[in-house]
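Accompanying notes for the structure given below.
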Amino acid sequence: LQSGQVVTIADVLGEGPEETIRFHQPLIISKDCRYTFQVKIQACDNPFQFVVDKFSGFFKWIQDKIGKEISVATWDDDPEKEKVYAKVQQLPKVTDTTGWTALWGNWISVKPQQDGTAFLKVRFVSKVPDKLTTRLVDIGIVLRDEILAATSISIGRLPIPCQAVQVGCAGWFFGSNKHINSDDLEQAIRDIVKIPMHVRMGISWRTIKLETGRTPPWVDGIQPASAL
């Protein structure tokens, strides 16, 4: 190039295609919320079936309670592996251990004729979350006691902080106390940066550790500084 000559990006990259490029957009599930849950297993011949029955009852109860629009899905949200179950009748057969393991994101290690606890996970999804009587992110806070009393399932009070199965960390955002709703902040970021809804995005708060690597204690009920 001659010195002083003005060069544009188009000169370097060449002209783009005349037609508009349309990227494939997967099925948009407007809400995706993940929780941990526990099932106390009484000594029986088939612990796996025991948990399947408990979970099936739990799924029916949650649909009756907050709306049929809530579904459960496999823990892995890869489009080639993902399955969404909108009805109890669609859940895997009790003999389909692979299907249930994919749904729970874990397996049951309790042996027959032994008491124990299964530590599992559940992923709620809904295409129309506004029609539900309870927000997905509030299920644990609002319904935890009712769920335990009705189904013997103990669900986490709060959703899992990071909603993605595989996380690509973009780096620290800022240091702050957690005085903002993550859902509202996520939507604000999407609006400002213009991130399409079909692009999966998650926000996770993490406490800033001390130099020793330990989590600082709460002082006078004030949460330690967190980073996003």
*asked:* Is any side-chain heavy atom of T36 closer than 4.5 Å to one of L120?
replied: no

*asked:* Are there over 12 heavy-atom neighbours, none belonging to K83, within less than 6.0 Å of that residue's NZ?
replied: no

*Check whether any side-chain heavy atom of V72 lies under 4.5 Å from a side-chain heavy atom of L91, and answer yes or no.*
yes

_Close aromatic pair by centroid cut-off 6.0 Å: W104 and F48_ = yes

_Heavy-atom donor-acceptor pair, N106 side chain to F119 backbone, under 3.5 Å_ = yes

*asked:* Restricting to side chain to side chain contact (heavy atoms under 4.5 Å, CB included), what partner residues turn up for A73, sequence neighbours left out?
replied: V84, R123, V125

*With sequence neighbours excluded, tell me which residues meet side chain to side chain contact (heavy atoms under 4.5 Å, CB included) with Q89.*
K87

_salt bridge (charged side-chain N to carboxylate O under 4.0 Å, His left out) assessment of K127 paired with E69_ = CA-CA 7 Å; K127 295 180 181 179; E69 292 78 11; over 6 Å; no

*Is the number of heavy atoms from other residues, nucleotides or ligands within 6.0 Å of NZ (K121) greater than 12?*
yes

_Does atom CZ (R157) have a neighbourhood of more than 12 heavy atoms from anything else shown, all under 6.0 Å?_
no

*Does the side chain to side chain contact (heavy atoms under 4.5 Å, CB included) test come out yes or no for F37 and I147, once each step is laid out?*
CA-CA 11 Å; F37 71 95; I147 292 172; over 6 Å; no

*Check the angle between the aromatic planes of F58 and F124 and answer parallel, tilted or perpendicular using the 30° and 60° thresholds.*
tilted

*asked:* Is it true that, when you exclude Q90 itself, more than 12 heavy atoms of the residues, nucleotides or ligands shown sit nearer than 6.0 Å to its CD?
replied: yes

*side chain to side chain contact (heavy atoms under 4.5 Å, CB included) partners of D138, counting only residues at least two apart*: T134, R135, V142

_W100 side chain to P92 backbone, donor-acceptor under 3.5 Å_ = yes

*Applying side chain to side chain contact (heavy atoms under 4.5 Å, CB included), run through I108 and T101 and close with a yes or a no.*
CA-CA 8 Å; I108 297 173; T101 300; over 6 Å; no

_Spacing of CD1 belonging to I62 relative to CD belonging to E146, to within rounding of 0.5 Å_ = 9.0 Å

_For a side chain to side chain contact (heavy atoms under 4.5 Å, CB included) check, start with the C-alpha distance between Y35 and L158, then their side-chain angles and the critical distance, and finish with the verdict._
CA-CA 7 Å; Y35 285 87; L158 297 173; 5.8 Å; no

*asked:* For G140 versus I155, what's the shortest heavy-atom pair and its separation?
replied: CA-CG2, 4.3 Å

*Give a yes or no on whether the backbone of W75 and the side-chain of R34 come within a donor-acceptor separation of less than 3.5 Å.*
yes

_Side chain D115, main chain A43, donor-acceptor under 3.5 Å_ = yes

*asked:* Checking T74 against K81 for the side chain to side chain contact (heavy atoms under 4.5 Å, CB included) test, could you report, in this order, the C-alpha distance in whole Å, the side-chain angles of both residues, the deciding distance, and whether it holds?
replied: CA-CA 8 Å; T74 51; K81 300 178 181 179; 5.9 Å; no

_Within the 4.5 Å heavy-atom criterion, are I139 and I70 side-chain neighbours or not?_
yes

*State the CG-OG1 distance between L103 and T98, to the nearest 0.5 angstrom.*
12.5 Å

*Indicate yes or no for a side-chain donor-acceptor contact from Q63 to the backbone of A86 under 3.5 Å, with no hydrogens or angles considered.*
yes

_I need the minimum non-hydrogen distance between L132 and G67, along with the two atoms involved._
CD2-O, 4.0 Å

*Which residues satisfy the side chain to side chain contact (heavy atoms under 4.5 Å, CB included) test with L148, sequence neighbours excluded?*
S154

*Taking only residues two or more places apart in sequence or in another chain, which ones pass ring pair (Phe, Tyr, Trp, His ring centres under 6.0 Å) with Y85?*
none

*Would you say the side chain of P112 lies within less than 4.5 Å of the side chain of P47, judging by non-hydrogen atoms?*
yes

*For residues 45-61, which residue pairs qualify under side chain to side chain donor-acceptor pair (under 3.5 Å), counting only residues two or more places apart or in two chains?*
D45-Q113, K60-D64

